[in-house]
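Note sheet for the following structure.
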Amino acid sequence: MLVEFDLIKRAQGGDNAAFNQIVLAYRKRILGTIARLISRVEDVEDVAQEVFLRLFFSLDQLRSPEVFETWLYRLTVNAAYDYLRKQRRRPELRMSDLSEQQVMMADAAASGKFDLEGRRQRKVRESVSSLLGSISEKDRILLTLKEVEGLSLKDLEKIYKVKENALKVRLFRARQRVLRAFGSGSPG
Amino acid sequence: MSHDTELSDLLQQYRRACEAPDASPNFMPVLWEKIEARQSERTFFGRSSKVLVTCALAASLIMGIYVAIPGNHAAHPFYTASYVEVLAVDEALQSAEYSEPVHAESVMEIHDADFELL
């Protein structure tokens with residue numbers, strides 16, 4: 001836990017300063033998780049604010065401060081899921097759709113210099129995002145939490161309130177689908 | 001290297017490529033703006049629903065009182081007369097309609113008009 005139980009209880013009682021402290025303590029972690037779940041840097045902050053907004057209005061429903069982190073993860077998963085669902089309906093412009101010159105110009109505009117490592121990372125993000133696009137938003141989030149975030153099955157069981165075996169089956173199927181997409185996309 | 005291992009490697013690279021971004025200086029002010037906007041929205045809807053419930057309760061109460069006062073029923077013969085009495089009154093009204101001499105007069109008028117034309 002990044003905060004004391006007492007702070008959570010105070011925030012539950014309507015103490016805005018306590019809520020502020022909770023946000024400051026968990027902000028970095030939530031931003032990171034969302035960045036990996038949605039893989040669009042420009043929208044990470046918006047989704048994170050939505051998570052804390054939902055936290056603010058649902059904090060009184062939290063029965064025990066011990067399960068706060070699981071609760072927060074659940075809110076994060078739900079907000080990311082809502083975002084991804086909306087995003088699927090919107091046409092997306094990817095860097096890979098642009099010409100080499102346009103990419104260089106975009107890079108130069110973003111960082112002020114031609115950054116090779118930045119481009120490589122962007123390519124990785126796009127590849128994984130495209131691969132995860134071959135599965136449903138729910139499976140995408142589940143697979144990301146397990147394989148990228150490194151959450152254990154026990155953690156996922158608490159977040160999803162689903163039995164471990166059911167999660168294993170779902171994860172296996174999702175990974176198989178991603179593997180098929182990966183196999184058809186890579187030459188090796 | 002199998003696809004399975006390659007995929008695992010790619011996902012690890014993805015983790016490194018998606019490091020947590022730093023929050024902008026506007027993060028907290030914008031968050032509080034959103035919270036306040038949502039709060040005022042909720043307050044508005046909460047108040048509106050309270051007003052509606054109060055109005056509905058008041059209307060029910062007024063109607064209840066109106067129905068409960070016996071004096072109000074006297075004004076309506078519908079409630080005081082029995083079914084047979086209502087039928088009898090209705091019957092009388094209908095037969096009165098048929099015995100009106102209005103139709104006879106109008107027929108006569110038509111005949112007079114015809115004679116005038118001839």
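The sequence lines fix the lettering, A, B, ..., with proteins before strands; numbering per chain opens at 1. The figures that follow rest on heavy atoms only: side chains count, while hydrogens, waters and symmetry mates do not. If you're wondering where the values come from, they're calculated on a predicted model, not measured in any experiment.
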Find out if a path of hydrophobic residues (ILVMFWY) with successive side-chain heavy-atom gaps under 4.5 Å connects B/V30 to A/L75.
-> no
Can you find a side-chain donor-acceptor pair between B/W32 and A/N20 that sits under 3.5 Å?
-> yes
Contacting moiety of A/V23, where chain B heavy atoms sit under 4.5 Å | side chain
With a 4.5 Å limit on heavy-atom distance, are the side chains of A/R120 and B/Q13 in contact?
-> yes
So which part of A/L131 gets closer than 4.5 Å to some heavy atom of chain B, the side chain, the backbone, both or neither?
-> side chain
Are there more than 12 heavy atoms of other residues, nucleotides or ligands under 6.0 Å from atom NZ of A/K28?
-> yes
Side chains of A/T144 and B/L11 in contact at under 4.5 Å (non-hydrogen atoms) = no
Which one of A/E45, A/R29, A/Q121 has the most heavy-atom pairs closer than 4.5 Å to chain B?
-> A/E45
Locate the shortest heavy-atom distance separating B/E6 from A/F182; write the atom from each residue and the value.
-> CB-CE2, 3.4 Å
Any chain of hydrophobic side-chain contacts (each under 4.5 Å) joining A/I22 to A/F5?
-> yes
Contact origin within A/R36 toward chain B - heavy atom pairs under 4.5 Å | both
Choice from A/F52, A/F19, A/F57, A/F56 maximising heavy atom contacts with chain B below 4.5 Å = A/F57
Short side-chain to backbone donor-acceptor contact, B/Y14 and A/V124, under 3.5 Å = no
With a 4.5 Å limit on heavy-atom distance, are the side chains of B/K34 and A/E50 in contact?
-> no
Is the NZ atom of A/K158 crowded by more than 12 outside heavy atoms at less than 6.0 Å?
-> no
Which atoms of B/Q12 approach chain A - backbone, side chain, both or neither, heavy atom under 4.5 Å | side chain
So which residues of residues 15-26 of chain B are in contact with chain A at a heavy-atom cut-off of under 4.5 Å?
-> B/R15, B/R16, B/A17, B/C18, B/E19, B/A20, B/P21, B/D22, B/A23, B/S24, B/N26
Does CZ in A/R173 sit with more than 12 non-hydrogen atoms of other residues, nucleotides or ligands closer than 6.0 Å?
-> no
Supply the atom-to-atom distance B/E33 CD to A/L53 CG, rounded to the nearest 0.5 angstrom.
-> 12.0 Å
Establish whether A/V128 and A/V41 are linked, either directly or via other cluster members, by ILVMFWY side-chain heavy-atom contacts under 4.5 Å.
-> no
Kindly indicate whether the side chain of A/L24, heavy atoms from C-beta on, has any atom under 4.5 Å from the side chain of B/M28.
-> yes
Is A/V169 reachable from A/L145 through a run of hydrophobic residues whose side-chain heavy atoms are each under 4.5 Å from the next?
-> no
Hey, any chance A/Y73 and A/L2 share a hydrophobic cluster, counting ILVMFWY side chains that come within less than 4.5 Å of each other, even indirectly?
-> yes
